[in-house]
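Remember, it's 1-based here, ligands and their atoms both numbered in the order they're listed. This one's a predicted model, so the numbers in the text were calculated from it and none came from an experiment.
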Amino acid sequence: MESFKVLVYCFLVFHFIPTSNTLETIVPGQSLKHNETLISTNETFEAGFFNFGDSNIQYFGIWYKDISPKTPVWIANRDVPLGNSSGVLNLTDKGTLVIVDSKEVMIWSSNTSTTAVKPSLQLLETGNLVVKDEIDPDKILWQSFDLPSDTLIPGMRIRSNLLTGNYTSLVSWRDTQDPATGLYSYHIDINGYPQVVIKKRNTLLFRVGSWNGNFLSGISSTTLYKSFNISFVITEKEVSYGYELLDKSIVSRYMLTPIGQVSRYMLSDQTKSWQLVFVGPSDQCDNYALCGANSNCDIDNSPICECFKGFIPKSQEKWSSQNWTDGCVRRVQLDCDNRDRFLKRMGMKLPDTSKSWFNKSMNLEECERFCIRNCSCTAYANLDVRDGGSGCLLWFNNILDVRKLPSGGQDLYIRVAASELDHSTGLNKKKLAGILVGCILFIAIMVILGVAIHRNQRRKLENPEQNQVFSLSNHTDNKKNEDIDIPIFELSTIAIATNNFSIDNKLGQGGFGPVYKGKLENGQDIAVKRLCNTSGQGPKEFINEVKLIANLQHRNLVKLLGCCVQNDEKLLIYEFMINRSLDYFIFDQTRKSLLNWTRRFQVICGIARGLLYLHEDSRLRIIHRDLKTSNILLDENMNPKISDFGLARTLWGDEAEGETRRIVGTYGYMSPEFATRGFFSVKSDVFSFGVIILETISGNKNREYCDYDDLDLLGYAWRLWSETTPLELIEESLRDSTVGAEAEILRCIQIGLLCVQEKADDRPDMSAAVLMLNGEKALPNPKEPAFYPRQCDSSSGTSNLHSNNDVSMTLLQGR
Ligand SMILES: *[C@@H]1O[C@H](CO)[C@@H](O)[C@H](O)[C@H]1NC(C)=O
Ligand SMILES: *[C@@H]1O[C@H](CO)[C@@H](O)[C@H](O)[C@H]1NC(C)=O
Ligand SMILES: *[C@@H]1O[C@H](CO)[C@@H](O)[C@H](O)[C@H]1NC(C)=O
Ligand SMILES: *[C@@H]1O[C@H](CO)[C@@H](O)[C@H](O)[C@H]1NC(C)=O
Ligand SMILES: *[C@@H]1O[C@H](CO)[C@@H](O)[C@H](O)[C@H]1NC(C)=O
Ligand SMILES: *[C@@H]1O[C@H](CO)[C@@H](O)[C@H](O)[C@H]1NC(C)=O
Ligand SMILES: *[C@@H]1O[C@H](CO)[C@@H](O)[C@H](O)[C@H]1NC(C)=O
Ligand SMILES: *[C@@H]1O[C@H](CO)[C@@H](O)[C@H](O)[C@H]1NC(C)=O
Ligand SMILES: *[C@@H]1O[C@H](CO)[C@@H](O)[C@H](O)[C@H]1NC(C)=O
Ligand SMILES: *[C@@H]1O[C@H](CO)[C@@H](O)[C@H](O)[C@H]1NC(C)=O
């Protein structure tokens with residue numbers, strides 16, 4: 001399967017002509033020479049001539065003044081670069097901007113149609129280059145915002161004219177070093193209900209989606225969007241899309257890359273470099289109409305395409321061979337009367353709206369009634385999801401390009417014949433009766449059990465107030481963080497699910513307490529983490545904190561299903577991962593072989609993405625502090641999911657100064673500055689990540705490994721690296737599957753070593769590590785890692801401090 005790579009184009013080397021002269025305004029008669037620049041009032045942006053290393057190819061553009069490497073956000077003459085370094089920008093008497101070369105030949109013009117009396121050119125703080133008339137300063141004669149290049153910055157809008165059909169769009173560069181008009185375009189498609197699309201020439205590749213009141217329907221990362229005021233405005237004449245920053249301290253840009261992906265970057269406060277926070281298309285399901293008509297794409301399923309209920313593959317044979325282009329057809333034709341029903345699918349990216357119909361004032365019931373009256377109407381949804389939903393969006397005939405979103409998403413109602421519903425539920429009345437009786441008996445037993453347990457606990461209870469179950473409505477004071485309703489479970493429910501925390505159900509012992517397997521009444525498997533009560537945190541603060549953590553959602557993070565705070569118990573309820581954890585495989589002699597190199601590489605990349613999300617995405621920067629192979633859980637497809645994230649924070653709060661009296665972590669994974677001084681930062685997680693990479697390649701535990709020189713695994717890897725035989729690190733059972741992938745493994749070893757370098761500052765941050773893993777960033781040479789030569793005894797490293805190497809340690813240090 002084709003895997004999508006996240007390409008980042010912000011590490012380019014730009015050559016800017018050294019300038020000593022900066023201007024603020026240009027009036028006719030004045031000009032901007034190749035060695036002069038125009039700067040905005042508060043010096044955020046700068047405009048002038050630049051090149052990409054070849055001074056015979058010059059462009060006039062706008063870039064961030066203080067961000068290095070320089071990042072152009074707009075280019076005037078992208079298709080007609082200047083030959084040789086002597087371009088001049090002039091403002092004519094009539095207010096037209098022209099660029100002329102050294103022979104006074106005009107190579108670019110702003111073509112302003114209106115004429116001005118007293119024009120002036122100015123670069124605004126927003127990065128907008130404008131020509132104004134001094135006579136009427138409010139009137140803008142021309143602005144660069146009307147002529148987007150490949151980048152959308154705050155305040156800028158792309159527009160589509162509903163009357164003429166003309167539109168402005170982001171157009172990709174041809175190449176990372178060539179800003180000429182490329183193949184891809186990002187604009188608003190005004191057919192049906194307007195939606196934002198990416199096209200390659202005339203082929204639709206990806207729908208970012210239609211507007212749902214909050215954001216575009218194909219976007220799931222809702223946490224990110226809290227920093228933006230995104231607006232999609234539909235008027236009689238035009239549709240436009242743009243964004244503003246709510247938090248002025250953030251710097252963000254949105255661009256269409258030369259390979260046709262939209263990427264949103266934010267400037268990291270710490271590293272002063274661009275961090276990729278969103279990219280689309282991001283996986284296979286984002287391919288336009290990959291699964292054909294009337295089907296759903298779910299990246300977590302295998303195969304990823306499924307027909308909607310009531311539909312079957314048009315050609316079973318092709319469908320089975322994973323050619324989904326023909327899509328699905330109805331099993332039973334619609335009755336076309338009031339007996340047809342609608343099936344609700346939740347968490348969806350809405351179908352292609354280019355042939356849809358919409359009405360802003362109808363509500364959902366009116367929408368359903370309207371749909372059922374027209375036989376070719378096949379699905380409906382709310383137009384606007386805010387305030388419980390309003391408006392009506394209707395689809396006719398086939399619906400295309402629907403996917404399940406990893407988080408967020410909308411409700412979609414799909415029309416099926418009434419018989420389809422009877423078909424599945426009322427098939428066998430005897431069986432049904434049997435199930436019913438079974439259910440009733442089961443519920444009765446549960447109720448009796450529940451009452452018994454509840455009574456039992458009542459008796460034990462000393463402080464009755466603590467027994468209170470906190471529901472969301474109890475504390476709405478912290479409204480901002482409540483985008484996600486986290487279910488609060490009753491202790492009794494969990495006690496039943498885990499057979500009263502029976503030892504048989506114990507999955508293991510984590511750093512923060514034991515973990516139990518359980519099964520909820522509805523049959524769902526869960527993992528329950530029973531937290532040791534070490535914090536002084538009250539139940540209310542605890543729940544608020546858990547809610548913050550539940551807001552973090554990512555494919556590579558374990559999903560938190562709920563929590564429970566009752567009596568002295570604090571429980572976290574997670575989804576259950578069938579394939580346990582990474583250590584269960586890579587350190588086991590027989591199970592080792594189940595994870596070949598391709599899988600291991602996927603695991604490494606997945607961990608990196610999850611960690612990048614924790615470190616950079618949410619405004620709630622999470623440092624894991626206890627990253628290790630046993631905290632990397634594997635789902636049924638061997639996708640890695642980081643667990644226990646945010647726990648340190650939940651239990652002890654976030655010590656912003658980055659120094660903690662409690663050192664929590666696991667020997668072998670702790671960075672030296674953390675183990676010795678309790679100093680933590682994102683770079684301590686990077687260290688642990690490096691250890692995980694090396695362990696995954698070598699199949700050995702860092703702490704238990706002991707070679708003839710008494711080196712730990714890091715020391716051993718470093719020695720092999722210095723002796724230029726790094727590939728000897730590869731585990732024996734892995735060798736077969738690594739043929740042909742040596743370069744990839746070598747890269748991983750080098751990244752592993754870069755991550756475990758002694759000095760935190762030398763280690764890459766996670767965004768750099770992700771780029772390196774994708775092979776899109778050059779790898780520096782690693783320096784010596786932090787490793788510990790020592791006397792090892794034959795059995796198990798130096799672990800006389802503690803009996804079990806895998807258990808997280810909590811040390812209390814006085815300060
Ligand atoms: C800019 O370059 C021109 C020649 O192209 C030169 O005459 C002028 O002095 C330079 N100005 C500055 C400020 O360096
Ligand atoms: C551009 O400006 C320069 C200097 O002001 C002037 O010499 C030149 O003639 C102008 N060219 C055009 C095309 O206006
Ligand atoms: C420039 O900065 C000053 C001081 O921070 C601020 O008052 C002013 O509004 C800013 N001007 C613009 C155009 O942003
Ligand atoms: C630019 O410079 C190259 C060589 O440096 C020369 O061949 C070419 O004629 C020049 N072009 C112009 C327009 O001056
Ligand atoms: C200005 O007009 C000329 C001729 O009509 C055209 O070639 C050029 O592309 C236009 N420039 C812009 C920036 O639209
Ligand atoms: C729309 O585009 C056409 C050709 O691209 C152009 O002739 C026309 O002037 C444009 N209309 C407006 C209102 O910009
Ligand atoms: C968001 O932008 C719209 C229009 O651009 C404006 O009306 C609205 O007040 C803004 N909202 C916030 C919260 O700034
Ligand atoms: C899938 O089926 C379509 C139409 O039935 C056909 O055009 C296409 O070539 C097939 N794709 C592959 C990869 O076989
Ligand atoms: C939208 O629905 C409302 C209420 O049903 C109706 O009054 C209005 O005419 C509809 N608008 C259109 C354009 O159909
Ligand atoms: C059903 O809707 C379609 C698409 O809007 C329209 O062409 C057709 O006339 C409608 N049929 C009826 C019976 O209203």
Side-chain angles (χ1 to χ4, degrees), residues 1-4 162-163 189-195 200 202-205 210-213 232-239 281 283-297 302-307 311-330 333-342 350-401 412-417:
M1 265 183 215
E2 187 190 344
S3 70
F4 282 86
L162 291 170
L163 307 175
D189 179 353
I190 52 169
N191 293 311
Y193 184 53
Q195 54 184 350
K200 180 178 186 177
N202 286 323
T203 313
L204 179 50
L205 293 185
S210 51
W211 183 248
N212 68 14
F232 193 90
V233 179
I234 305 178
T235 64
E236 301 268 287
K237 279 190 199 142
E238 69 161 21
V239 188
D283 61 28
Q284 267 199 312
C285 285
D286 278 342
N287 276 326
Y288 177 70
L290 177 78
C291 296
N294 307 316
S295 57
N296 177 34
C297 191
S302 180
I304 55 178
C305 295
E306 54 156 4
C307 290
F311 292 81
I312 51 171
K314 188 169 178 196
S315 153
Q316 185 62 51
E317 197 185 334
K318 274 194 194 161
W319 190 268
S320 311
S321 64
Q322 309 218 326
N323 183 345
W324 299 298
T325 18
D326 289 350
C328 306
V329 292
R330 275 187 200 285
Q333 284 313 307
L334 290 176
D335 302 323
C336 278
D337 56 22
N338 286 335
R339 292 195 305 134
D340 286 341
R341 289 286 168 271
F342 288 91
L350 295 184
D352 187 351
T353 53
S354 61
K355 294 192 180 70
S356 65
W357 180 92
F358 67 99
N359 181 321
K360 274 188 181 164
S361 52
M362 283 184 180
N363 63 27
L364 210 56
E365 286 88 61
E366 289 169 320
C367 196
E368 174 173 346
R369 264 183 267 131
F370 196 83
C371 188
I372 211 135
R373 278 207 301 268
N374 185 327
C375 193
S376 55
C377 177
T378 44
Y380 70 91
N382 259 145
L383 198 59
D384 190 328
V385 297
R386 288 172 300 179
D387 303 327
S390 63
C392 173
L393 194 50
L394 297 178
W395 286 268
F396 300 94
N397 305 320
N398 289 332
I399 49 181
L400 273 177
D401 198 35
L412 175 67
Y413 299 83
I414 300 159
R415 184 176 194 164
V416 292

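Checked against the 2.5 Å cut-off, the SG-SG distance between Cys307 and Cys328 falls under it. By the SG-distance test at 2.5 Å, no disulfide connects Cys305 to Cys297.
Counting protein heavy atoms under 4.0 angstrom from atom 7 (O) of ligand 8 gives zero. The protein does not reach atom 13 (C) of ligand 10 closely, with no heavy atom under 4.0 angstrom from it. There is a protein heavy atom less than 4.0 angstrom from atom 3 (C) of ligand 9.
Atoms of ligand 8 found under 4.0 Å from any heavy atom of Lys318, numbered from 1 in the order shown, are 2 (O), 4 (C), 5 (O). Of all atoms in ligand 8, listed by their number and element, those nearer than 4.0 Å to a heavy atom of Thr325 are 1 (C), 2 (O), 3 (C). Close contacts of ligand 8 with Asp326, meaning ligand atoms under 4.0 Å from a residue heavy atom, involve 4 (C), 5 (O). Ligand-side atoms of ligand 9 in range of Trp357: 14 (O), range being under 4.0 angstrom from any heavy atom.
Checking side-chain atoms of Asn287 against main-chain N and O of Leu290 turns up no donor-acceptor pair under 3.5 Å.
Ring-plane geometry between Tyr380 and Phe342 is classed as perpendicular, the angle between the planes exceeding 60 degrees on a 0 to 90 degree scale with a lower cut at 30. A parallel orientation is assigned to the rings of Phe232 and Trp211, their planes being inclined by less than 30° (bins at 30° and 60°).
Aromatic pair Trp395/Tyr413: centroids not less than 6.0 angstrom apart.
From the protein, the heavy atom lying nearest to atom 11 (N) of ligand 8 is Asn323 ND2, 2.8 Å. Annotation: atom 1 (C) of ligand 10 to nearest protein heavy atom, Asn374 ND2, 1.4 Å. The single protein non-hydrogen atom nearest to atom 5 (O) of ligand 9 is Met362 CG, 3.8 Å, given as residue, atom name and distance. Ranking the protein heavy atoms by distance from atom 10 (C) of ligand 9 puts Asn359 ND2, 2.4 Å first.
A donor atom on one side chain and an acceptor atom on the other are not found under 3.5 Å apart for Ser210 and Asn212.
Nearest heavy-atom pair, Leu334 versus Ala417, reported as atom, atom and distance to 0.1 Å: CD2-N, 3.6 Å.
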